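Given the structure is predicted, the values throughout are model-derived calculations rather than measurements.
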Amino acid sequence: MVNDFRLVRPKTLPEALGLLDEFGQEIEPVAGGTDLLVKLEDGRIRPSQVMDLSALNELKQIRLVGEDLHLGALVTHTAVLESPLTRTEAPLLVMGCRTVGSTQIRNMGTLGGNLATASPAGDSIPALVALEAKVVLASKKGERTLPVEDFLVGPGKTERRREELIKEIILPCAREGEKGFYNKLGQRNALAISIANVAVWVRLGERKNTLSRVRIAFGALAPTVKRGRMVEDALTDRELDEASLKGITQLAWKEVAPITDIRASAQYRRDMAIALLYQSLYHILFLS
Amino acid sequence: MTEFKWVGKVVPRVDGVEKATGRLRYLTDVGLPGLLHGRIKRSQYPHALIKGIDTSRAEALPGVVKVLTHKDVPGVNGFGIIVPDQPVFCREKVRYIGDAVAGVVAEDPAVAEAALDLIEVEYEPQPVVDDAEKAMTSDSPRVHEKGNIHQEVHVRHGDVEAGFAQADLIIENVYKTPRQMHTFLETEGGLAFYDEEGLLNVWVGSQYPQRDQLQIARVLGLNPRKIRVVSSPTGGGFGGKDEITIQTQLALMAFVTKRPVKLWLSREESVISGWKRHPMTLYYRTGFKRDGSLVANEIKIIGDTGAYASLGGPVVSLAVESSCGPYRIPHVKIDGFCVYTNNGVAGAFRGFGVPQSTFAMETQLEIAREKLVLDPIEIRKKNVLRRGDIAPLGHTMTASVGILNTLERAEKSDLWCQREKLKSQTPFPWKKRGVGVAIALQGTGLGVGIPDYGAAIVELTEEGQFIVRIGSPEIGQGNMTAYAITAAEALGCDLALIKVVTGDTRNSPDSGTSTASRSAYTGGNAILDAVAKLKPKLLAVAGEMLGVDRAGLRLAGNRIVSPQGRGITLAELGRYLREKGLEAGARGNFVWPTADVQIPGAEGLPHLVYTYVTQMALVEVDTLTGKVELREAATALDAGRVLNRQGLEGQAEGGMVMGAGYALMEDIIIEKGYFKTMNLSTYIIPTSLDLPERHQVELVEVLEESGPYGAKGAGEAVMVPISPAITSAIHDAVGVRLKEMPAAAERVYQGLRGEEHGQ
């Protein structure tokens with residue numbers, strides 16, 4: 001059962017950062033609440049103060065800044081799906097966000113919230129990691145920026161300090177010749193927590209069936225969303241056919257360190273890293 | 001062919017508007033002035049002795065009105081439809097993690113919740129009995145003093161060894177089925193209060209208020225007539241609200257405090273405390289002739305009923321009854337065991353043991369068919385029961401038998417006719433498609449040895465409406481509409497003039513439980529009996545009023561008219577009856593026909609009237625991940641005459657979905673007595689995105705003479721054979737033969753890899 005707490009609702013980012021500076025140790029920020037409310041409901045957290053961020057309209061913007069796309073922390077998954085900017089500039093993120101929960105959860109859940117919760121199975125995060133997105137953290141003292149990949153520390157753990165808020169996410173816009181695929185395996189087709197997922201973002205090579213740049217991120221296959229650098233290198237600048245793709249994607253097995261839980265065994269998950277990666281690259285190379 | 005005005009027609013559901021608009025509230029959303037809130041303190045261990053219960057700290061908490069334990073139970077501290085072996089509040093022992101040890105009644109739900117933590121219970125943990133087969137051995141720790149085998153059923157018919165001696169092919173396998181949850185939308189809950197007349201009212205989601213009334217009375221040591229139980233038509237049951245859920249605890253809370261109380265389980269509490277489908281282990285040895293004829297079947301079925309009996313015995317009995325499928329098998333030896341463990345509790349669930357054994361039998365048949373290189377439809381046609389046959393249990397199939405008709409209709413479905421084309425349409429090279437077919441019979445009603453009776457009261461009001469009163473509750477399945485159609489057809493009046501009252505011990509007669517696919521058939525027959533008594537009386541009085549002979553009078557729309565065109569309205573007739581002090585209603589009843597033999601020791605075996613169904617599935621398997629998707633389904637159903645067409649199609653669609661969930665993903669996982677799937681985030685049921693866009697439903701009307709207008713029950717059979725149809729389709733697609741459900745991606749993947757891949 002939810003405990004009693006003080007609810008604060010700042011109107012501006014400086015006001016929010018001031019509150020965090022003052023009460024950082026005991027205040028729990030909430031964006032869409034799709035994770036926090038569950039934890040409150042079963043008493044896993046009992047905060048004395050909750051800071052509702054929903055009035056911070058400045059964090060709900062999607063903006064084009066030079067070659068980059070800036071997404072405010074409070075941009076919802078639905079907003080990502082509906083924005084013409086994300087559809088053209090970040091199609092991989094759109095694919096990831098489409099698989100989050102259900103319509104209701106996508107309407108409430110935010111990109112910043114998904115990052116802050118830092119679930120290894122968070123469905124927007126592999127896309128951000130594969131796109132080499134950066135996260136901007138703001139506090140009363142100033143801002144710092146770090147790669148999303150480094151922001152994630154472990155299940156539910158991030159580099160965010162108690163006095164900091166995620167302000168925005170910055171990712172490079174899609175360029176000519178770049179393509180992606182997001183592949184999720186869940187226990188069902190909606191409202192499913194990933195058993196495993198993979199996001200792939202590539203730049204097609206000049207020669208047919210080659211890739212000049214490959215970025216791969218695995219979800220639900222390690223304590224954090226995990227880049228697959230070994231397999232990225234192996235795939236880069238070589239001619240790929242079905243057979244070689246089958247061979248190279250086996251390397252995914254070495255990139256991941258999954259666990260066994262109620263949804264799947266570690267052994268199965270490791271095999272799925274290979275299967276999902278193979279299917280993703282097959283789609284990119286041979287089906288689109 | 002008979003022309004009907006209402007039977008078989010598409011009509012609006014009589015309770016549709018108030019449900020769709022939300023005018024009818026979920027019972028657990030309803031409040032009352034001065035309402036208290038109940039909470040249950042549940043066990044900390046799956047199996048433990050209780051050494052002491054200290055409620056003093058909880059009682060001292062401000063806002064707590066009463067803390068209840070076994071000491072507060074005035075009557076029998078137990079409930080259970082067959083044997084009352086489940087304590088209302090445990091005294092000396094807990095047998096599963098959902099067992100109730102104490103109850104709190106408080107002014108506020110939060111206070112009640114907080115008080116639970118202040119109740120101190122001292123336990124002495126006992127070894128956990130977590131495997132039904134091991135529980136059957138003599139050295140197993142005992143869940144109940146009398147031993148862990150709650151009930152055994154043994155069927156011997158023919159000479160099974162002689163049968164195997166004739167067999168050209170013997171198939172031997174072990175099957176395992178999952179623990180499915182009803183997942184009704186509204187969890188168990190209700191309100192209890194005293195009314196102006198001094199009756200203790202218990203309003204609750206229930207499938208049988210009259211039996212609840214008796215069970216509550218036994219617990220409270222009270223005359224049942226002092227108790228009124230009203231069933232809420234919202235929320236759904238699927239068998240999970242057939243047995244007592246919270247009724248006895250809720251009633252006790254109001255009985256002791258003399259104030260209105262609400263008790264409503266959270267989803268997690270519902271998961272751990274509520275009934276489930278019995279997981280079963282099924283050993284099969286089946287003999288075939290070279291031409292596919294079945295000659296012998298030797299079967300052992302072990303059902304895990306968990307901590308308490310409830311309907312576990314009859315569930316295992318029905319698994320035994322349907323273990324040979326709808327087939328002629330001359331030589332059988334079948335043993336069924338219902339076994340206690342500390343794995344939650346299992347009880348009634350749509351299908352009632354039949355889904356488990358149908359999965360096993362249909363898979364046996366498919367394995368043999370493949371080895372004998374026979375067509376899946378032909379091998380079934382060769383073996384199916386026909387009217388007049390002796391069934392494997394030894395009784396004669398004297399009622400209608402439409403299984404062959406459903407096969408013939410399903411064979412003409414788009415899915416079957418176009419199966420090769422559909423199978424070739426795979427979108428990616430790693431996807432493979434396959435089709436499967438399976439058939440089933442489902443006994444309807446309670447079967448021989450359990451008196452099965454229905455009653456209905458039909459009465460004309462002064463407003464010119466007919467009130468139809470039948471106890472069997474509407475809980476979403478649509479029997480109110482079936483009753484209205486039956487009554488309107490029999491009376492010859494407008495459907496809009498029928499008002500149906502169900503599920504209220506004070507205002508509707510005991511007509512038995514809304515289970516066992518029985519309520520439309522039983523209630524419908526009782527209505528016909530009531531109308532047969534009432535209508536001549538009404539026409540006679542109308543004749544008097546009009547001064548004409550009653551012989552030519554007929555009921556049409558809202559009037560009774562003479563051949564000469566004279567007439568009176570039903571309202572006029574109703575008022576006249578009231579003024580003259582004449583009877584304006586009649587009571588009808590119905591007693592079920594039963595089979596000509598009885599299986600000793602097995603309540604309800606065998607049945608006489610069965611529903612028959614053929615289902616087909618087209619699946620797509622991802623050969624790299626093992627993920628299975630149901631792409632298309634077809635159902636051909638023989639439920640006799642169609643009463644409520646839309647309702648029956650709805651049942652068929654919903655049943656298919658429930659059976660697909662059972663085959664593909666649903667399983668409550670319990671380890672060492674502790675639940676690992678506590679809520680709907682880990683207990684996975686299909687969403688609309690997991691289901692096929694096309695499900696062809698064909699209604700095959702093989703009339704059943706004993707049924708109202710020839711109708712039989714339908715609620716359960718529609719979920720049964722789709723599960724083995726799906727697993728057979730998986731085999732057709734990728735060659736993996738599953739002997740354990742659900743067909744979760746990882747299990748299919750292991751099959752593809754050759755792990756756990758028999759045959």
Side-chain angles (χ1 to χ4, degrees), chain A residues 1-4 34-35 38 41-43 98-99 101-105 119 121 181 183-198 242 245-246 249-250 252 258 260-283 286-288, chain B residues 37 39 108-117 266-269 427-431 622-630 660-661 664-671 675-692 742-750 752-753 755:
Chain A
M1 185 162 274
V2 182
N3 65 303
D4 289 337
T34 56
D35 285 303
V38 176
E41 178 70 30
D42 40 270
R98 189 174 287 135
T99 71
S102 62
T103 306
Q104 294 90 331
I105 291 172
S119 161
F181 198 82
N183 200 3
K184 166 173 171 173
L185 178 68
Q187 287 172 293
R188 60 182 168 198
N189 292 335
L191 269 170
I193 297 171
S194 284
I195 291 172
N197 64 47
V198 61
E242 277 186 50
L245 199 56
K246 263 231 154 89
T249 50
Q250 300 291 321
T260 294
D261 65 13
I262 195 81
R263 282 175 278 278
S265 71
Q267 173 63 47
Y268 177 65
R269 283 198 159 98
R270 199 146 46 191
D271 288 0
M272 289 310 99
I274 300 165
L276 298 181
L277 180 62
Y278 172 80
Q279 290 175 347
S280 302
L281 289 159
Y282 192 100
H283 273 275
F286 309 127
L287 290 176
S288 54
Chain B
H37 297 269
R39 285 283 189 281
D108 176 79
V111 172
E113 189 78 25
L116 293 183
D117 293 336
S266 69
R267 182 61 72 178
E268 286 78 5
E269 213 178 357
F428 311 119
W430 54 82
K431 299 258 194 177
D622 185 323
T623 57
L624 298 180
T625 64
K627 185 171 177 174
V628 179
E629 294 198 70
L630 180 60
L664 291 172
M665 56 186 82
E666 297 189 34
D667 196 8
I668 288 278
I669 295 166
I670 301 178
E671 283 172 16
F675 284 71
K676 297 294 162 186
T677 41
M678 290 288 285
N679 54 37
L680 301 182
S681 142
T682 45
Y683 184 76
I684 302 295
I685 63 169
T687 69
S688 55
L689 293 184
D690 301 290
L691 294 163
E746 182 165 0
R747 178 166 286 144
V748 177
Y749 179 77
Q750 283 166 351
L752 286 160
R753 291 271 305 245
E755 300 155 22

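Using a 4.5 Å cut-off between heavy atoms, B:I669 touches chain A through its side chain atoms alone. In this structure, no portion of A:S102 lies under 4.5 Å from any heavy atom of chain B. Interface remark: B:L680 contributes backbone atoms only to the contact with chain A (heavy atom separation under 4.5 Å). For chain A, no part of B:A744 is nearby; none of its heavy atoms comes within less than 4.5 Å.
Counting heavy-atom pairs under 4.5 Å between each of A:I262, A:L287, A:I195 and chain B puts A:I262 at the top. Among B:T677, B:L664, B:D622, the residue with the largest count of heavy-atom pairs under 4.5 Å with chain A is B:D622.
In this structure the side chain of A:Q279 never reaches within 4.5 angstrom of the side chain of B:F428, judged on heavy atoms. Looking at B:E629 and A:N189, their side chains come closer than 4.5 Å, going by heavy atoms from C-beta outward.
Scored by the salt bridge (Lys or Arg N to Asp or Glu O under 4.0 Å) test, B:E113 finds B:R39 as partners (sequence neighbours excluded). Taking the ring pair (Phe, Tyr, Trp, His ring centres under 6.0 Å) definition, one finds that A:F286 meets it with A:Y282, sequence neighbours left out. Applying the ring pair (Phe, Tyr, Trp, His ring centres under 6.0 Å) rule to B:F675 yields no partners; only residues at least two apart in sequence or on another chain are considered.
Interatomic distance, OG1 of B:T682 versus CG of A:D261, reported as 10.5 Å (0.5 Å rounding).
A donor-acceptor contact shorter than 3.5 Å is absent between the side chain of A:R188 and the backbone of B:T687.
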Original post:
When you look at A:L185 and B:K627, which way does the side-chain contact (heavy atoms from CB on, under 4.5 Å) test go after all the steps?
Top reply: CA-CA 8 Å; A:L185 178 68; B:K627 185 171 177 174; 3.8 Å; yes

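Below 4.5 Å, heavy atoms of chain B meet heavy atoms from A:Y268, A:D271, A:M272, A:A275, A:L276, all part of residues 267-277 of chain A.
Closest approach of A:R263 to B:E746, counting heavy atoms only: O-OE1, 4.4 Å.
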